[in-house]
> 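Have a look at this one before I ask anything.
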2 protein chains.
Amino acid sequence: MSPPKDHRFRRRVTAWDVARAAGVNQSVVSRAFNAGSRVAPETRERLLAIAKELGYAPNALARGLLTGRTRLIGITTVQINSEISSRLLQNLGLGLLSVDLHPLLLPLSPQGVLADEIHRLFTFDVDALVLVSAAISPALVEACTAWGRPVILLNRVAPGHRLHSIRTDDYGGGRLAAQHLLERGAQSLAFVSGPADATNVQARRDGFFAAAEAAGQPPPRIVAGDFAYPSGVVAGRTLLGGPGRPDAVFCANDVMALGLMDVARELGIRIPGDLQVVGFDDITAASFAGYSLTTLRHDLDIVAAETVALLADLQRDGEASLVDRVVSARLIDRRSTHDL
Amino acid sequence: MSPPKDHRFRRRVTAWDVARAAGVNQSVVSRAFNAGSRVAPETRERLLAIAKELGYAPNALARGLLTGRTRLIGITTVQINSEISSRLLQNLGLGLLSVDLHPLLLPLSPQGVLADEIHRLFTFDVDALVLVSAAISPALVEACTAWGRPVILLNRVAPGHRLHSIRTDDYGGGRLAAQHLLERGAQSLAFVSGPADATNVQARRDGFFAAAEAAGQPPPRIVAGDFAYPSGVVAGRTLLGGPGRPDAVFCANDVMALGLMDVARELGIRIPGDLQVVGFDDITAASFAGYSLTTLRHDLDIVAAETVALLADLQRDGEASLVDRVVSARLIDRRSTHDL
DNA sequence: CTGAAAGCGCTTACAG
DNA sequence: CTGAAAGCGCTTACAG
């Protein structure tokens with residue numbers, strides 16, 4: 001086989017250049033860069049040195065095309081800019097790099113339809129897919145199934161499908177919230193909800209209600225929210241402005257809880273004296289001195305680490321038995337439920 | 001040329017399958033998928049229909065290998081989990097997809113050395129590189145220069161090098177902060193700084209000091225910070241706890257300003273009556289009712305849009321003249337400097 | 001307009 | 001242990 005002709009667009013340093021400089025066949029260069037291959041140790045060292053000098057490194061695309069393993073992991077996420085998603089993405093990305101896997105991103109606007117866009121990742125031949133906090137539509141499940149490679153859902157579930165799932169225990173977190181509030185003497189509970197299509201919000205609510213019922217409480221009052229700060233303010237005005245004010249509120253996320261706390265401050269309602277508040281997420285602002293919000297913490301490093309471990313296994317073994325890992329949420333006890 | 005044999009690892013649907021099903025040559029299938037190529041319109045339609053049925057789409061890796069354009073854009077960022085970085089990443093990613101470019105992520109831990117890791121992106125043959133708020137070391141500049149393809153710095157500069165730069169006007173923002181505070185009657189200014197290696201912090205400080213001097217003020221007092229909330233609290237205690245308390249503070253970012261405001265609240269110092277505060281970034285929490293922080297807003301959508309436009313140009317033309325775009329920061333006037 | 005062929009940069013059986 | 005060759009899935013001159 002002969003060395004390649006000049007490239008149309010640009011000239012890269014290739015294995016042929018190294019081979020020529022070393023006076024060996026190109027395939028030997030390839031072997032020098034593949035741990036498993038038989039090469040004379042001194043040959044390998046010599047080739048590696050020449051490669052370094054020439055600035056050569058194997059082209060990952062060509063390798064991927066040939067081996068069927070691109071080491072590319074498709075990651076798709078709506079709202080990278082939410083604190084939880086972005087922290088998860090950071091942890092995940094760092095973990096992937098540590099096992100020589102590379103995140104190819106497919107960010108989606110909230111209005112975007114994932115099932116339509118997902119094919120972009122397929123054309124790049126990603127080895128696996130990680131869906132971060134994305135809504136899982138039937139069309140999406142179908143596309144993933146037809147695709148035939150591993151898919152991991154983060155903080156979402158799609159029961160009855162061959163999709164791996166790694167997630168925070170939202171139900172357990174909801175239970176903890178109710179138990180904690182009741183232990184501290186709460187008499188009338190309320191819940192501020194999130195977007196209707198987020199399956200994890202439902203789980204948080206269900207856990208909260210179940211624990212309340214188990215303690216002999218009537219069903220908590222529910223106020224709608226959409227995860228954003230202003231909806232927490234609105235919920236606060238609704239719950240705290242009129243008669244029948246609850247003495248304990250569990251918000252489906254922290255940001256809304258902060259809005260509700262700001263309303264309480266405005267109305268002169270003392271926290272935790274007159275009102276206890278619990279959030280979910282443990283965002284940075286929850287620990288600010290001005291709030292000190294008790295909340296349920298996602299263990300995102302665990303979620304990320306488990307995801308990376310699973311992906312590394314899949315690279316080795318091709319397939320793995322279906323994973324459904326639930327990471328428990330931890331209650332972070334702060335002043336919004338707890339006087340110093 | 002004959003159709004390929006069975007693949008070692010898995011069988012994809014290829015252009016050959018479509019060609020066989022349609023009774024044409026594989027090259028015709030390729031042309032059907034390339035807008036610029038001559039194919040009989042009816043042939044194209046027929047092929048597209050068959051492709052759809054078979055679930056065929058051209059493999060982006062093979063295409064990239066051949067054309068020298070992968071449509072992959074390397075994006076590297078330290079701390080995706082900071083609100084500004086993650087919002088920038090979200091905007092950027094969305095913009096890239098809209099021009100059929102794909103973000104390959106290289107996240108870095110704060111201790112990570114970018115110059116060492118950057119080669120990973122080179123092996124994937126990315127068409128260009130975008131560095132988000134990364135420290136630009138000489139080694140990094142050298143690696144990028146040797147690589148020879150376009151590099152865009154976001155919110156950083158590296159004067160004297162062939163690296164494009166698109167950034168917020170930090171200096172101008174610093175000036176605006178000082179002017180705004182002085183207009184509102186501030187008598188003694190202070191500045192809470194950020195990490196020493198962030199070039200944008202220096203620019204904010206320089207602008208702030210320059211405008212103070214231009215107004216005949218003595219140089220503001222400086223307190224060190226590191227961008228994190230606790231350092232804002234410490235700065236607050238330092239500045240507000242002792243004698244010679246300033247009546248106006250400009251913080252290098254919002255998070256520290258919030259820490260300082262929480263200290264003021266604790267000490268019973270009224271904002272803006274006794275103390276005016278200005279931040280930088282306009283993070284979500286700055287607009288919370290409990291803070292209502294006046295701040296300088298990055299126009300991240302503009303930064304992202306300009307970046308995408310530049311990358312799209314580069315795809316078309318190969319090279320472009322060096323871009324150094326400065327996007328002005330906008331003062332967002334809230335209650336921390338302004339009674340209702 | 002379509003077909004046959006070369007080639008992108010690599011990996012991996014297959015000989016020797 | 002090394003060389004020669006085939007092939008991953010595509011694009012693009014080159015003929016006809």
Side-chain angles (χ1 to χ4, degrees), chain A residues 1-20 22-47 51 54-71 122-125 127, chain B residues 1-20 22-47 51 54-71 122-125 127:
Chain A
M1 198 181 218
S2 60
K5 312 285 175 297
D6 256 9
H7 194 290
R8 252 174 312 250
F9 297 92
R10 49 192 162 204
R11 188 79 182 93
R12 298 182 95 260
V13 182
T14 75
W16 275 106
D17 299 315
V18 178
R20 202 178 297 129
V24 299
N25 189 280
Q26 176 268 131
S27 56
V28 185
V29 177
S30 172
R31 289 189 193 105
F33 275 89
N34 277 60
S37 305
R38 285 164 304 277
V39 204
E42 52 270 30
T43 311
R44 166 170 279 149
E45 268 183 46
R46 196 164 60 89
L47 289 176
L54 264 45
Y56 169 77
N59 182 315
L61 267 50
R63 171 182 282 176
L65 194 55
L66 205 49
T67 61
R69 291 241 176 276
T70 57
R71 306 202 72 83
F122 299 165
T123 68
F124 279 96
D125 221 10
D127 289 336
Chain B
M1 200 181 217
S2 59
K5 314 286 174 293
D6 255 10
H7 194 291
R8 253 174 311 253
F9 297 93
R10 47 193 162 204
R11 188 79 181 93
R12 300 181 93 260
V13 182
T14 76
W16 274 105
D17 298 315
V18 179
R20 200 178 297 130
V24 299
N25 188 282
Q26 176 266 131
S27 58
V28 185
V29 177
S30 172
R31 289 187 193 105
F33 276 89
N34 278 60
S37 305
R38 285 162 305 276
V39 203
E42 52 271 31
T43 312
R44 165 170 279 148
E45 269 182 44
R46 196 164 60 89
L47 289 175
L54 264 47
Y56 170 77
N59 182 314
L61 266 50
R63 173 182 279 175
L65 194 56
L66 205 49
T67 61
R69 291 238 174 280
T70 57
R71 306 201 72 82
F122 299 164
T123 67
F124 279 96
D125 221 11
D127 289 336

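Just so we're on the same page: letters track the sequence lines, and every chain starts at 1.
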> So what does A/Val24 hit on the nucleic acid, given a heavy-atom distance under 4.0 Å: a base, only sugar-phosphate, or nothing?
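Sugar-phosphate: the residue A/Val24, judged by heavy atoms under 4.0 Å, touches backbone atoms but no base.
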
> Determine the contact category for B/Ala60: base if any of its heavy atoms lies under 4.0 Å from a base atom, sugar-phosphate if only primed atoms, P, OP1 or OP2 are that close, otherwise nothing.
nothing

> To the side chain of A/Asn25, which of D/dG3, C/dT2, D/dT2 is closest?
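Within the option list, the nearest is D/dG3.
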
> When you check the phosphate oxygens OP1 and OP2 of D/dG9, does a side-chain N or O of B/Ser30 lie under 4.0 Å from one of them?
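Looking at the OP1 and OP2 atoms of D/dG9, neither is under 4.0 Å from any side-chain N or O of B/Ser30.
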
> What's the CH2-P distance between A/Trp16 and D/dA5, to the nearest Å?
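Rounded to whole Å, this separation is 10 Å.
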
> How close or far is atom P of D/dT12 from atom CZ of B/Phe33, stated in whole angstroms?
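Whole-Å distance recorded here is 15 Å.
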
> A/Phe124 CZ to D/dG9 P: how many Å, rounded?
17 Å

> What dot-bracket string describes DNA chain C from 5' to 3', counting Watson-Crick and G-U wobble pairs whose defining distances are under 3.5 Å, with [ ] for crossing pairs and | for pairs to another strand?
|||.||||||||.|||

> Nearest whole Å is fine: how far is D/dT2 C1' from A/Glu42 CD?
13 Å

> Restricting to non-hydrogen atoms, name the atom on A/Arg44 and the atom on A/Arg31 that form the minimum distance, rounded to 0.1 Å.
NH2-O, 3.0 Å

> By the 4.0 Å heavy-atom rule, please label A/Ala32 as base, sugar-phosphate, or nothing.
nothing

> Could you state the atom-to-atom distance from CG of A/Asp125 to C1' of D/dG9 in whole Å?
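One finds 10 Å between C1' of D/dG9 and CG of A/Asp125, rounded.
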
> Counting side-chain heavy atoms from C-beta on, which of C/dT11, D/dC10, C/dC10 comes nearest to B/Arg63?
D/dC10

> The side chain of A/Arg31 is closest to which nucleotide in this list: D/dA4, C/dG9, C/dT11?
D/dA4

> What pair of heavy atoms forms the shortest contact from B/Tyr56 to B/Ala15, and how long is it?
CE1-N, 3.2 Å

> How many whole angstroms separate atom CG of A/Asn34 from atom P of C/dA13?
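In whole Å, C/dA13 P lies 12 Å from A/Asn34 CG.
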
> What is the minimum heavy-atom distance between A/Leu61 and A/Asn59, and which atoms define it?
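What the structure gives for the nearest pair is N-OD1, 2.7 Å.
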
> Does a nitrogen or oxygen in the side chain of B/Thr43 sit under 4.0 Å from OP1 or OP2 of C/dT2?
yes

> Would you mind telling me which of D/dT11, D/dG3, D/dC14 lies closest to the side-chain atoms of A/Val28?
D/dG3

> Find the distance A/Leu61:CG to D/dT11:P and express it as a whole number of Å.
14 Å

> What are the two closest non-hydrogen atoms of A/Val18 and A/Leu47, and how far apart are they?
CG1-O, 4.0 Å

> For a quick test of reading the model, state the closest non-hydrogen atom pair linking A/Ala57 to B/Thr123 and the distance between them.
CB-CG2, 4.0 Å

> Would you mind telling me which of C/dT12, D/dG7, C/dC8 lies closest to the side-chain atoms of B/Leu66?
C/dC8

> Just to be sure I understand the rule, does B/Tyr56 reach a base, reach only the sugar-phosphate, or reach nothing, if contact means heavy atoms closer than 4.0 Å?
sugar-phosphate

> Of the listed nucleotides (D/dC10, D/dT2, C/dC8), which one gets closest to any side-chain atom of B/Ala62?
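Within the option list, the nearest is D/dC10.
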
> Of B/Ser27 and A/Ala40, whose closest DNA chain D nucleotide lies nearer the 5' terminus?
A/Ala40

> Looking at A/Asp125 and B/Arg12, is any side-chain nitrogen of the basic one under 4.0 Å from a carboxylate oxygen of the acidic one?
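Yes, this pair counts.
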
> Using atom CG of A/Asp127 as one end and atom P of D/dC8 as the other, report the distance to the nearest whole Å.
18 Å

> Does B/Arg71 have any salt bridge (charged side-chain N to carboxylate O under 4.0 Å, His left out) partners at least two apart in sequence or in another chain, and if so, which?
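Only B/Asp100 meet the salt bridge (charged side-chain N to carboxylate O under 4.0 Å, His left out) criterion with B/Arg71.
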
> For A/Phe122, enumerate each residue passing the ring pair (Phe, Tyr, Trp, His ring centres under 6.0 Å) test, keeping only those at least two apart in sequence or located in another chain.
A/His119, A/Trp147

> Test for a donor-acceptor pair under 3.5 Å between the base of C/dT2 and the side chain of B/Gln26, counting only N and O atoms.
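Side chain to base: no pair below 3.5 Å.
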
